[in-house]
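Reviewing the structure listed below.
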Protein chains: 2
Amino acid sequence: MRRDVFQAIADPTRRAIIMLLAVGAMTPNAIADHFDSSRQAVSKHLRILTECEIIKQERQGREIHYHLNADKMKDVERWLEQFKALMDKRFDQLDTVLEQLKSKGK
Amino acid sequence: MRRDVFQAIADPTRRAIIMLLAVGAMTPNAIADHFDSSRQAVSKHLRILTECEIIKQERQGREIHYHLNADKMKDVERWLEQFKALMDKRFDQLDTVLEQLKSKGK
DNA sequence: TATATTTGCAACTGATTGGTTTCGTATTTT
DNA sequence: AAAATACGAAACCAATCAGTTGCAAATATA
């Protein structure tokens with residue numbers, strides 16, 4: 001089983017849950033109220049998100065509050081940065097080629 | 001079937017393919033050479049990536065060159081920005097609370 | 001103590017995934 | 001024209017996913 005942030009954000013419901021928890025911690029029932037899905041369906045997403053270590057439980061009496069571990073999202077950010085760096089590099093090379101063509105034209 | 005960028009980058013092989021194509025267009029065989037997976041396995045990933053519109057085919061004789069549609073990646077970027085904006089907002093609120101506590105302490 | 005609420009967990013279902021092997025087609029090479 | 005190459009598509013398989021229903025455990029309330 002792959003359990004990383006990319007797996008976590010692959011599902012639209014899970015992305016929405018992440019957005020909800022970005023605002024503040026919530027109980028499973030409160031989260032499920034925001035969706036058409038059943039409580040158990042949401043609960044499964046919460047389990048996956050927990051396994052991805054993107055959210056954490058915190059028991060308070062009989063309620064469990066889920067709160068975000070925003071740091072994990074940085075994995076996505078880092079990957080995106082790497083990707084953009086590669087793209088920039090490619091354009092730099094393209095610039096060099098164009099530059100060479102220009103000087104050859106002289 | 002969900003076919004969006006988030007689905008595309010959920011798989012580590014597909015992320016690697018994206019990185020490869022960020023450097024420059026490639027044929028399926030050239031791509032497959034970079035992985036332990038078979039050509040057909042890679043081919044399937046290419047189909048999914050194509051359906052997600054993150055890569056595009058370009059036939060040249062009997063070869064097909066896959067090249068990146070880097071714009072699609074902006075969907076991820078936008079979502080990340082939204083997420084970060086929400087988090088910042090939360091911290092702003094936290095700051096306000098702390099500020100209030102401080103003035104009450106006076 | 002009996003009951004209601006909040007929740008996780010197990011069993012089951014249908015759809016999708018990632019992979020394989022096999023085949024057909026188009027293009028290049030000989 | 002024949003052989004080799006590059007590739008997609010189809011059929012199949014095991015594993016995983018998202019969802020369901022039903023149930024048990026813990027905590028709160030009457």
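Everything numeric here is computed off the predicted structure, so don't read it as measured data. The sequence lines fix the lettering, A, B, ..., with proteins before strands; numbering per chain opens at 1. The figures here come from the full heavy-atom set of this structure, side chains too, leaving out hydrogens, waters and symmetry mates.
Side-chain atoms of B/Q40 come within donor-acceptor range of the base of C/dT22, with a qualifying N/O pair under 3.5 Å. Checked by distance alone, A/R39 brings a side-chain donor or acceptor within 3.5 Å of a matching partner on the base of C/dG8. Between the base of C/dG18 and the side chain of B/R14 there is no donor-acceptor pair shorter than 3.5 Å. Applying the 3.5 Å distance criterion, the base of C/dT7 shares no donor-acceptor pair with the side chain of A/R62.
Side-chain nitrogen and oxygen atoms of B/N29 include none within less than 4.0 Å of the OP1 or OP2 phosphate oxygen of D/dT5. Between B/R3 and C/dT17 there is a side-chain polar atom (N or O) within less than 4.0 angstrom of OP1 or OP2. Proximity of A/Q7 to the phosphate of D/dC17: a side-chain N or O atom is located under 4.0 Å from OP1 or OP2. When the side-chain nitrogen and oxygen atoms of A/S43 are compared with OP1 and OP2 of C/dT7, none of them lie within a distance under 4.0 Å. Note on B/Y66: a side-chain N or O is less than 4.0 Å away from OP1 or OP2 of D/dG8. One finds no side-chain N or O of B/Q60 lying less than 4.0 angstrom from the OP1 or OP2 phosphate oxygen of D/dA6. Contact check, A/H45 against D/dG19: a side-chain N or O comes under 4.0 Å of OP1 or OP2.
Remark: of the listed residues B/I17, B/L68, B/I18, B/L68 is the sole one forming a side-chain contact (heavy atoms from CB on, under 4.5 Å) with B/I55. For the side-chain contact (heavy atoms from CB on, under 4.5 Å) test with B/R14, the passing option among B/I48, B/I54, B/V42, B/L46 is B/I48; the others fail.
For B/E51 and C/dG18, the CD to C1' distance is 14 Å, given to the nearest whole Å. Following rounding to the nearest Å, B/I64 (CD1) and C/dT27 (C1') show an atom-to-atom distance of 11 Å. When the P atom of D/dT16 is taken as reference, atom CD1 of A/I48 falls 12 Å away, rounded to whole Å. Taking atom CD1 of residue A/I55 and atom C1' of nucleotide C/dG8, one finds them 13 Å apart after rounding to whole Å. Look at CZ on B/F35: it is 13 Å from P on C/dT20, rounded to the nearest Å. Atom NZ in B/K44 sits roughly 14 Å away from atom P in D/dA14 (whole-Å rounding). Regarding B/I31, its CD1 atom lies at a distance of 14 Å from the C1' atom of D/dG8, rounded to whole Å.
When all heavy atoms of A/D4 and A/Q7 are compared, the pair lying nearest together is OD1-N, 2.9 Å.
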Report the C-alpha distance between A/E77 and B/K84 in whole Å, list the side-chain angles of each, state the deciding distance to 0.1 Å, and finish with yes or no for salt bridge (Lys or Arg N to Asp or Glu O under 4.0 Å). CA-CA 10 Å; A/E77 219 174 323; B/K84 287 202 282 184; 2.8 Å; yes
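Proximity note for B/Q57 (side chain, C-beta onward) versus D/dG8, C/dG18, D/dT27: the nearest is D/dG8.
For the pair B/K44 and B/D11, the salt-bridge criterion is not met [side-chain N within less than 4.0 Å of a carboxylate O].
Separation of atoms NZ (A/K72) and CD1 (A/I9) is listed at 13.0 Å; rounding is to 0.5 Å.
As judged by a 4.0 angstrom heavy-atom cut-off over every strand, A/T13 is placed among residues making no nucleic acid contact.
Ranked by how close their nearest DNA chain D nucleotide is to the 5' end, B/E63 and A/G61 are led by B/E63.
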